[in-house]
Structures are given as C-alpha cells and as structure tokens.
Number of protein chains: 2
Amino acid sequence: MDEVDAIAELIINYNELNSSVVTELDEEPSPLEFMRFVAKNTPFVVRGAASDWKASQTWSAQSLKEHLADETVNVAVTPAGNADSPSQNSDGTLVFAKPWEEDQPFPSFLDYVIQQEKQPNIPPGEVRYAQTQNDNLRHEYSSLFAHVPPTIPFARIALQSPPDAINLWIGNSLSTTALHKDNYENIYVQILGRKHFVLLPPHCQPAVNERMLKPVRYVRAEEGSELRMGGEEDGGDVPFAIWDPDRPGENRTQYSGMVEPARVTLERGDMLYLPAMWYHKVSQSCSEEGICVAVNYWYDMDFSGPLYPLTNFVRSVNASRNKD
Amino acid sequence: MDEVDAIAELIINYNELNSSVVTELDEEPSPLEFMRFVAKNTPFVVRGAASDWKASQTWSAQSLKEHLADETVNVAVTPAGNADSPSQNSDGTLVFAKPWEEDQPFPSFLDYVIQQEKQPNIPPGEVRYAQTQNDNLRHEYSSLFAHVPPTIPFARIALQSPPDAINLWIGNSLSTTALHKDNYENIYVQILGRKHFVLLPPHCQPAVNERMLKPVRYVRAEEGSELRMGGEEDGGDVPFAIWDPDRPGENRTQYSGMVEPARVTLERGDMLYLPAMWYHKVSQSCSEEGICVAVNYWYDMDFSGPLYPLTNFVRSVNASRNKD
Ligand SMILES: O=C(O)CCC(=O)C(=O)O
Ligand SMILES: O=C(O)CCC(=O)C(=O)O
C-alpha cells in the first residue's frame, strides 16, 4: 500500500463512520450537547432557533434602510458575484480574485441589490455584497447590533469565550462564496432569504484541489467605470481550493469523487453550527423583497489537541504525493 | 518534502501546541468540563477524587481477604510480571506473551503477592496479577462492587452511557503493563499503593514501533510446576508496540526521540482520565502492606468524527513509509 491508498482509505473510513446528512435539532443545544458536536467536529442545524430574535421579527428592506439611512458601508464589488474566488484572468490563468471594495451609502447599496434581483431581464451589471467579515455588526452596523443576541449562550459557555467577530452579510442571489475554510467555530444564522451550504470536513483537503494562486484585485479605475482585474497584489500566493462540489467534473483530483459533501439550506431563523476548519461553499436565495441577510458568530477554535496537527498532516501527505 | 517529514512535522506540530504535563484538577470536572477534555483527547488527573469512596476508606489486605475469604479468582501468572507483553522466546524471537491464567483462592493469592513484595531477598518466583479486564468488579469481585460508585457521574452524563466494564486490578510492584492502547475512554482510580503511567497520544504510533508478533501463552504443565512458554496461539499475529519509553534507546524508530511521553503517578484516591486510543505503559508501587489496588471504568469511545479515521491514517502512512 502506498500513501495514495492511505488517503483514499481515510476518506472511505470517515464516510463509513459518519453520515453526510446534517443533524437537525428542534431547539438549541445545551453547552454540553454543543460540546459533543465540537468534540466530533460535526455540524448541526437548529431549525427556527432565531425566529424570535428582534432581527428576524423586524428586519426588512425598508427597516434596514431606515436604520442605516445616513450610513455608508463597505461593499465588495465583483463582475459576477465572485468575491474571494478562483477566477480566470484575461490570459486564462487561474488567480485568486479579490473584490473591489467601495464605501457606498447604505440605502442606494440596498436598492441596487434589490433591483438587480427583481429585474433579472436587465443585463446584470456588477454584483455587490456587504460581507466585510471584520466584526462589522459591532462596528459598521452597530445600530443593528441590539437586534441580535450579543453572543450565543451555548457556544460562549462551552467554548469559554465571547465571539471574536460578529458579521452581517447582505447580498442577492448573484453572490456566491467559494469553497474555503476558516480557523473558527462558526454559528451562522439566517435572517432573510435562504443560504445554501455545501460542506466538507477538514480531512477532505486532498479532494478540493488546493493550489497556490496569485492574488489579484478587481479595480474600478475611476468613479462609474467598469471593473477590471488589477495586477498582482502583494503578500504572495494564496493556497485555495479550486474544486467546486457543484461542478464535480472540473478541476477534480483523484479523491474528489470519493468525498460526500453535506448540503444544507438555512431558511429564515435557522442556525448552523459550522465546525472549525470545515470547507464550505455558500450560495443564496432572496426573500420576496429581493435580499438575503445573515449574521454569523465566529468563536476562536482550540488549536490544542490532535485535530489541527492531524489536519496539517493530511495536507503534507497529500503534498508529498503530488511531488512524486 | 516526503512523507517521512510529514510524520516528523505532525509530532513536532502537536508538541508545540500541547503540553506533555498532565493537567491536575482539584475536584471532579462537570460533564461539560469533562467533555472539553474529551474533545481535545487530552488526559487530566483529579487528586483525591476517590478519597471518600468506601473502597478508599476501608480496603486493606485484611478486609479484602475477609470479603473474599471463600472466593477463587482468576490470576494472570508470568515469570517476570510481563502479562500481555512483547517478550523473547527461547530462540530470542520477540513474541506477544500472554499470561498463564489460573483460578486461585483469593486469600492465598493475596498472601503470595504480599510475601513476594515484602521479602525481596527471597529469589522471586513467578509473578501473579489479578487483572482480568472483563468487567470483573461486577462479576468475580461483585461482593466489593458496592464499595465504589456504580458509574462516574461526569463521564456517564457527558458520554451518555453506563460504563462498558469496571475492572479491579490487584498486584505488586513486579507486574508491569506494557505500552498499548484501548478503544475506550478510561477513568482510572487508585485505591491502595501507586500507579505510574507513561502516556503517548494516538498520533505517536510511528514512534512506538508496532510490530506483528506471534501470540504465545505461558503454560504450567502440571500443578506446582514452573511456567514455560507454550507454542503459538490461534488467532494470528498481534500488532503490538515494542518500543518502551523507559528504555528509549532500544527498539526505537526514527520518531521515538521526537515524542514527549507524559508521566503521571496516581497516589491513593487519585483519578486519571486516560483518553481513548492513548498509548499507556503502567507500573506500580505498593502500599505499606505490600499490595497495589486500582479500579477503572471503561466507557465506549465515539468512533464518529475525524479522530479515529485520522489515527488509522497515521498508521497507514507510517506503514507505507516502512515498505519503501
Ligand atoms: O455567507 C456567505 O456568503 C459566506 C459565509 C462564510 O463563509 C462564513 O460564515 O465563514
Ligand atoms: O493497571 C494496569 O496495570 C493497566 C491498566 C490499563 O492498561 C487500563 O486501564 O487500560
């Protein structure tokens, strides 16, 4: 047996012992129940957990515009909804495309998002997504912060820390977040519209075809002009998954066909526990008003114990296989 | 980088993120606190946790002999205290030596154990250890069972099951349990004397020099005769660690020098959480009376989640390296 087989064995062994159907809970877990999921690094969804949050009860396009009538917000702008995604540049090379970031008055940002969603016959222009991921709900959007709990009690108690970041996500169905992973325990809550998650556990790294991609950023040369892809950004190449579980035949590795992605859709008020280091691809559908709004809580993961080093080990063994 | 480096990297990465000093708690953890240790597959010791158990308060050589005055018990007999150990047979081959098992009246078994311990000048004969590991405290020794809790509440609540086995261990300082691992969450409690544990996490498999050994059993041909090593037992070769962290220069692999064994001694009344799949070598010191007595609770481990498949993966990668 060579190490190629060891990776296949790992994927098959995991699949035999674990379901790819995400467990559904009817109510929030206790801290102990939550910790059992953390212990096995396994996701769950709680249907309706956030239904009675003030955000769920009161947010709408209109109320958001009222609350943020005078605010400007940071908006990620891309030609096709591909912020932080592997994308082809003009000569066909795959690069890691970062969005153009622009401050926009919130009401006109939201009008644009809605109009684009509701009038699909108009040729789609650029795609706008408020997705700053920098604890924006406690900063940029702090006037909305009182509408959600300041922390998720079961997670705070189990993980013994306040959330490191609380993020608001506002966009339409043209935005997709490419398959990636974060070193955070993530509690993701849907407020308006729906989110569609495709999930893979950390040991599936050999299936996602991670490549070192040159980072480039879309730029708008002058106000009102179209986006174009800029030159290489500083900071060096970025390791990024180029396999897309929704186009499984493209950019595959010999292991892509073996993994069993878990798929789960969050409806209004649903809450997902997305365990640390899990790969996730996220797409969205809009509410009748034409927006999709979510909030997520990132808690620091515990780097002690065996899982983080073993996840790095899978990557190293796969890298050495690719060098042979 | 080849896969040799990946294993070294794994060991070093783990060592950087984890201490090899076993955490000491002053009191029993709550189920949630316990689950945090289970989640990171990390041991802890609770000093004095069992000090007020009836077993701790009342057991002595005398009281045990009274309780078990009319019982015969199964005793593991070996020439040198090496039950279930890698041992050399007459032609120098390393085999997996299993003990001769014999039913003995409890009082004379205990007298033998004590006498051997207290009179070290008498040339040591065979070594006797009551160590049946088959839930013996609820069967063979059921008259003592009421002297210990029927389960460990924090473990039962966290792991959601009663103990699969509760075992009593009675022996003297000549018995040693060789480095091995069990697929159980283990709560180990010292009642009389002391136990010395040497511990290694599951990913250290490449350091323990696991070999396929022929199983043989010591046999006593007729009553009163000396033990000799019998022929090969049925059931096929047994994978077993042949590296002994207390003789680190012998039978080493290229990784043995990289791992950092954790060492912890349990005194009377101390409790150890020994996480599932951890390698452990166990030796013992006696109470003033010349005996060493412990009780342990095995709870089923959870095979779901990533740790079990990843532990198998380390073994496979190491096996493929050894085949190169
Ligand atoms: O909602 C999205 O578009 C992406 C969410 C995400 O990647 C995250 O919460 O880590
Ligand atoms: O106490 C001993 O000798 C060995 C204990 C052991 O191996 C166990 O509890 O799994």
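Throughout, a chain's letter reflects where its sequence line sits, starting with A, and its residues are numbered from 1.
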- Item | Nearest non-hydrogen partners of A:Pro309 and B:Leu17, listed with the distance | CG-CD1, 4.3 Å
- Out of B:Arg315, B:His203, B:Lys40, which one racks up the most heavy-atom pairs below 4.5 Å with chain A? B:Lys40
- Below 4.5 Å from any heavy atom of chain A, which atoms of B:Pro201 appear? Answer side chain, backbone, both or neither. neither
- Find the distance between CD (A:Glu16) and CZ (B:Phe303) and round it off to the nearest 0.5 Å. 13.0 Å
- Query: In Å and rounded to the nearest 0.5 Å, what is the CG to CZ distance from A:Leu32 to B:Phe34?
  - Reply: 10.5 Å
- Message: Can you tell me which of B:Pro306, B:Ala39, B:Pro275 forms the most heavy-atom pairs within a distance under 4.5 Å of chain A?
- Response: B:Pro306
- Shortest non-hydrogen separation from A:Arg36 to B:Ile157 and the atoms involved: NH2-O, 2.8 Å
- Residue A:Leu307 versus chain B: region with a heavy atom under 4.5 Å: side chain
- Reference residue A:Val314; test side-chain contact (heavy atoms from CB on, under 4.5 Å); the match among B:Leu310, B:Val317, B:Val314: B:Leu310
- What is the distance from atom CG of A:Asn312 to atom CD1 of B:Ile12, rounded to the nearest 0.5 Å? 12.5 Å
- Does atom CG of A:Asp52 have more than 12 heavy-atom neighbours, drawn from other residues, nucleotides or ligands, at distances under 6.0 Å? yes
- Message: Check for me whether the distance between the ring centres of A:Tyr14 and B:Tyr308 falls short of 6.0 Å.
- Response: no
- Message: Between B:Asn18 and A:Gly305 (side chain of the first, backbone of the second, donor and acceptor by atom type, cut-off under 3.5 Å), is there such a pair?
- Response: yes
- Message: As an exercise, state the distance from CD1 of A:Ile7 to OG of B:Ser316, rounded to the nearest 0.5 Å.
- Response: 10.5 Å
